[in-house]
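So the structure is just underneath, and the comments pick up after that.
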Amino acid sequence: MKILHVIPSIAKVRGGLSVAVVQMVKSLRNTGVDAEIVTTNDNERMELDLQLRILHKYEDVPVRFFSKFSPFVHAVSEFDFSIDLTAWLWYHIHDYDLIHIHGGLLGIVESVK
């Protein structure tokens, strides 16, 4: 089985779910499940410094990072959007048996269907 986890950020500064997803995928892989993550390069007020769109080994987990757009208005700055991640999902969604969406990304996958 091939599982894709989609989450807005796995930056440690986000805590909670961002950290838990990495551990969840690590555990799945330890049981033989082919699981990976797609996310943005979000790191709170900065961006993670790494190459985008390629598969990385991040904390022993395969992760693909994409650029994000953050609104300049502080009140909505937490609502990031990634056109690159959306486009990648459009072309690769059928490569996976299961897509596990974490956070408020329903609109992304709904637009891919």
Side-chain angles (χ1 to χ4, degrees):
M1 173 172 276
K2 192 167 184 180
I3 300 174
L4 179 66
H5 289 261
V6 183
I7 186 167
S9 175
I10 58 170
K12 290 180 182 175
V13 296
R14 297 291 183 197
L17 184 58
S18 295
V19 174
V21 166
V22 173
Q23 294 306 313
M24 184 185 315
V25 171
K26 193 178 290 187
S27 294
L28 284 168
R29 293 185 64 78
N30 286 340
T31 64
V33 175
D34 185 6
E36 58 189 60
I37 299 171
V38 291
T39 188
T40 68
N41 59 345
D42 170 68
N43 195 24
E44 201 168 24
R45 291 189 173 93
M46 302 168 27
E47 295 175 344
L48 294 173
D49 184 25
L50 41 75
Q51 191 173 357
L52 302 175
R53 302 180 62 89
I54 67 166
L55 205 56
H56 291 270
K57 262 308 197 209
Y58 180 88
E59 296 187 24
D60 295 324
V61 171
V63 180
R64 201 174 302 266
F65 295 91
F66 293 88
S67 62
K68 68 176 184 122
F69 167 75
S70 294
F72 296 110
V73 178
H74 181 70
V76 293
S77 63
E78 291 297 314
F79 296 98
D80 298 330
F81 178 74
S82 177
I83 190 73
D84 291 337
L85 192 151
T86 303
W88 185 89
L89 271 175
W90 177 261
Y91 289 103
H92 295 279
I93 200 165
H94 297 291
D95 297 342
Y96 299 89
D97 300 307
L98 177 69
I99 309 290
H100 189 158
I101 302 165
H102 304 273
L105 293 172
L106 184 58
I108 290 175
V109 174
E110 287 299 317
S111 68
V112 171
K113 286 183 178 178

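These numbers come from a predicted model, not from an experiment.
Here the closest heavy-atom approach between residue Met1 and residue Asp97 is recorded as CA-OD2, 3.3 Å. Residues Ser67 and Asn41 come closest through the heavy atom pair CA-OD1, 3.7 Å. Heavy-atom minimum distance, Ser18 versus Ser9: OG-O, 2.7 Å. Nearest heavy-atom pair across Arg29 and Ala35 is NH1-O, 2.9 Å.
Phe66 meets the ring-ring contact (aromatic ring centres under 6.0 Å, His included) test with Trp88; sequence neighbours excluded. Glu59 pairs by the side-chain contact (heavy atoms from CB on, under 4.5 Å) definition with Lys12, Val22, Gln23, Lys26, not counting sequence neighbours.
With contacts defined as side-chain heavy-atom distances shorter than 4.5 Å, the pair Val61/Glu36 does not qualify. Side chains of Ile7 and Leu17 form a contact here, defined as non-hydrogen atoms less than 4.5 Å apart. Counting heavy atoms from C-beta on, the side chains of His5 and Leu28 come closer than 4.5 Å.
In this structure, CZ in Phe65 is found 10.0 Å from CG in Leu55, a value given to the nearest 0.5 Å. Here the OG1 atom belonging to Thr39 is positioned 10.0 Å from the NE2 atom belonging to His102, to the nearest 0.5 angstrom. Between the CZ atom of Arg64 and the CG atom of Leu89 there is a distance of 10.5 Å, given to the nearest 0.5 Å. To the nearest 0.5 Å, the span separating CG on Asp34 from OH on Tyr96 amounts to 8.0 Å.
His56 places a side-chain N or O within donor-acceptor distance of the main-chain N or O of Gln51, the cut-off being under 3.5 Å.
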task = Could you walk me through whether Val33 and Ile3 pass the side chain to side chain contact (heavy atoms under 4.5 Å, CB included) test, one step at a time?
result = CA-CA 8 Å; Val33 175; Ile3 300 174; 3.7 Å; yes
task = Apply the test side chain to side chain contact (heavy atoms under 4.5 Å, CB included) to residues Leu85 and Val6: give CA-CA distance (whole Å), side-chain angles for both, the deciding distance (0.1 Å), then the verdict.
result = CA-CA 9 Å; Leu85 192 151; Val6 183; 4.3 Å; yes
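Grouping the Ile, Leu, Val, Met, Phe, Trp and Tyr side chains by contacts below 4.5 angstrom, directly or via other members, places Leu50 with Ile10.
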